[in-house]
Amino acid sequence: MSHAVIDTHVLAWSLVAPSFLSTGVRTLLESGATIHVPPCALHEIALKVRKGKWDEMLPYAGSLDSLCSTQGFRIAPYTARMAMLSGSMEWDHPDPFDRMIAATAIEMACPLVSKDTAFVGLDNFAVWKGRIW
């Protein structure tokens, strides 16, 4: 696999708790594959830190973009097409961040790296490349 999109928790755990990542995910992140981070993952972390809901990410919240670069991750684009897909896709999952992350993975034709089983609900989408954990 040469490309993948990671979700918010995978990004966070790569920084503060790599042991929370499966062995396969750690191997993927270290393999030289192109790892894309949806911009909304940075938004979600910053928002939760600001609201006092993710204190362990406080030291990282102001420099997530450079930390992604340091780890060899690329910030994914977030296009108008991704935004429209996020809002319109038939998926019974209300979390806007997860919807934006899924739309990013779909439009980039990449599998999504996530522990979150909510993404299994996308398995019937023909263009969905699947979830890795």
Side-chain angles (χ1 to χ4, degrees):
M1 173 185 331
S2 59
H3 294 271
V5 171
I6 62 174
D7 78 358
T8 305
H9 278 89
V10 172
L11 172 59
W13 292 334
S14 74
L15 294 168
V16 300
S19 64
F20 286 11
L21 300 170
S22 72
T23 302
V25 168
R26 283 194 310 270
T27 300
L28 172 65
L29 297 181
E30 296 167 359
S31 72
T34 302
I35 303 299
H36 300 280
V37 178
C40 65
L42 309 183
H43 177 169
E44 184 175 16
I45 291 169
L47 179 66
K48 287 182 178 182
V49 166
R50 181 179 61 80
K51 290 184 171 188
K53 295 183 176 183
W54 209 344
D55 291 339
E56 65 192 342
M57 291 303 295
L58 181 61
Y60 306 96
S63 57
L64 289 168
D65 54 346
S66 61
L67 289 168
C68 285
S69 180
T70 298
Q71 293 196 135
F73 301 160
R74 295 183 183 175
I75 304 298
Y78 192 70
T79 66
R81 184 163 173 84
M82 290 171 181
M84 292 183 301
L85 176 61
S86 172
S88 67
M89 71 177 138
E90 293 295 329
W91 178 31
D92 189 27
H93 187 62
D95 184 292
F97 293 108
D98 285 353
R99 293 181 71 85
M100 288 184 273
I101 289 167
T104 301
I106 289 168
E107 285 296 310
M108 294 187 73
C110 292
L112 176 66
V113 181
S114 177
K115 185 176 184 178
D116 191 343
T117 58
F119 292 104
V120 172
L122 295 170
D123 285 348
N124 293 329
F125 281 57
V127 294
W128 176 245
K129 300 298 182 186
R131 178 180 71 97
I132 298 168
W133 186 250

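In what follows, residues are counted from 1 in the order of the sequence shown. Here the structure is a predicted model, which means the values were calculated and not measured.
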Can you confirm whether [X] sits close enough to [Y] that some side-chain heavy atom of one is under 4.5 Å from a side-chain heavy atom of the other?
X	Y	result
Leu29	Val113	no
Ile106	Met89	yes
Leu122	His93	no
Met82	Met108	yes
Val16	Trp54	no
Leu67	Phe73	no
Lys115	His9	no
Leu42	Leu11	yes

Please report the shortest heavy-atom distance between [X] and [Y], naming the atom on each side.
X	Y	value
Leu28	Ala33	CD1-CB, 3.8 Å
Ala41	Val37	CB-CG1, 4.2 Å
Ala83	Tyr78	CA-OH, 3.2 Å
Phe119	Ala102	CE2-CB, 4.0 Å
Ala76	His36	CB-CB, 4.0 Å
Ala4	Cys110	CA-CB, 4.0 Å

Measure up the His43 and Phe97 rings against each other and bin them: parallel (under 30°), tilted (30 to 60°), perpendicular (over 60°).
perpendicular
Ring geometry between Trp13 and Phe20 (parallel below 30°, tilted from 30 to 60°, perpendicular above 60°)
perpendicular
For a side chain to side chain contact (heavy atoms under 4.5 Å, CB included) check, start with the C-alpha distance between Met57 and Lys48, then their side-chain angles and the critical distance, and finish with the verdict.
CA-CA 9 Å; Met57 291 303 295; Lys48 287 182 178 182; over 6 Å; no
Judged by atom type as modelled, is there a donor-acceptor pair below 3.5 Å linking the side chain of Ser22 to the main-chain atoms of Trp133?
yes
Between Arg99 (side chain) and Pro94 (backbone), is there a donor-acceptor pair under 3.5 Å?
no
Between [X] and [Y], is there a shared hydrophobic cluster once you connect ILVMFWY residues whose side-chain heavy atoms come closer than 4.5 Å?
X	Y	result
Val127	Trp91	yes
Leu112	Ile75	no
Phe125	Val5	yes
Leu47	Val49	no
Ile101	Ile45	no

Nearest-0.5 Å distance, CZ of residue Arg74 to NE2 of residue His3:
7.0 Å
Spacing of Asp7 atom CG and Met100 atom CE [to the nearest 0.5 Å]
13.0 Å
Would you please test Ile6 and Val25 for side chain to side chain contact (heavy atoms under 4.5 Å, CB included) and show each step?
CA-CA 10 Å; Ile6 62 174; Val25 168; over 6 Å; no
Does the side chain to side chain donor-acceptor pair (under 3.5 Å) test come out yes or no for Gln71 and Ser14, once each step is laid out?
CA-CA 9 Å; Gln71 293 196 135; Ser14 74; 3.0 Å; yes
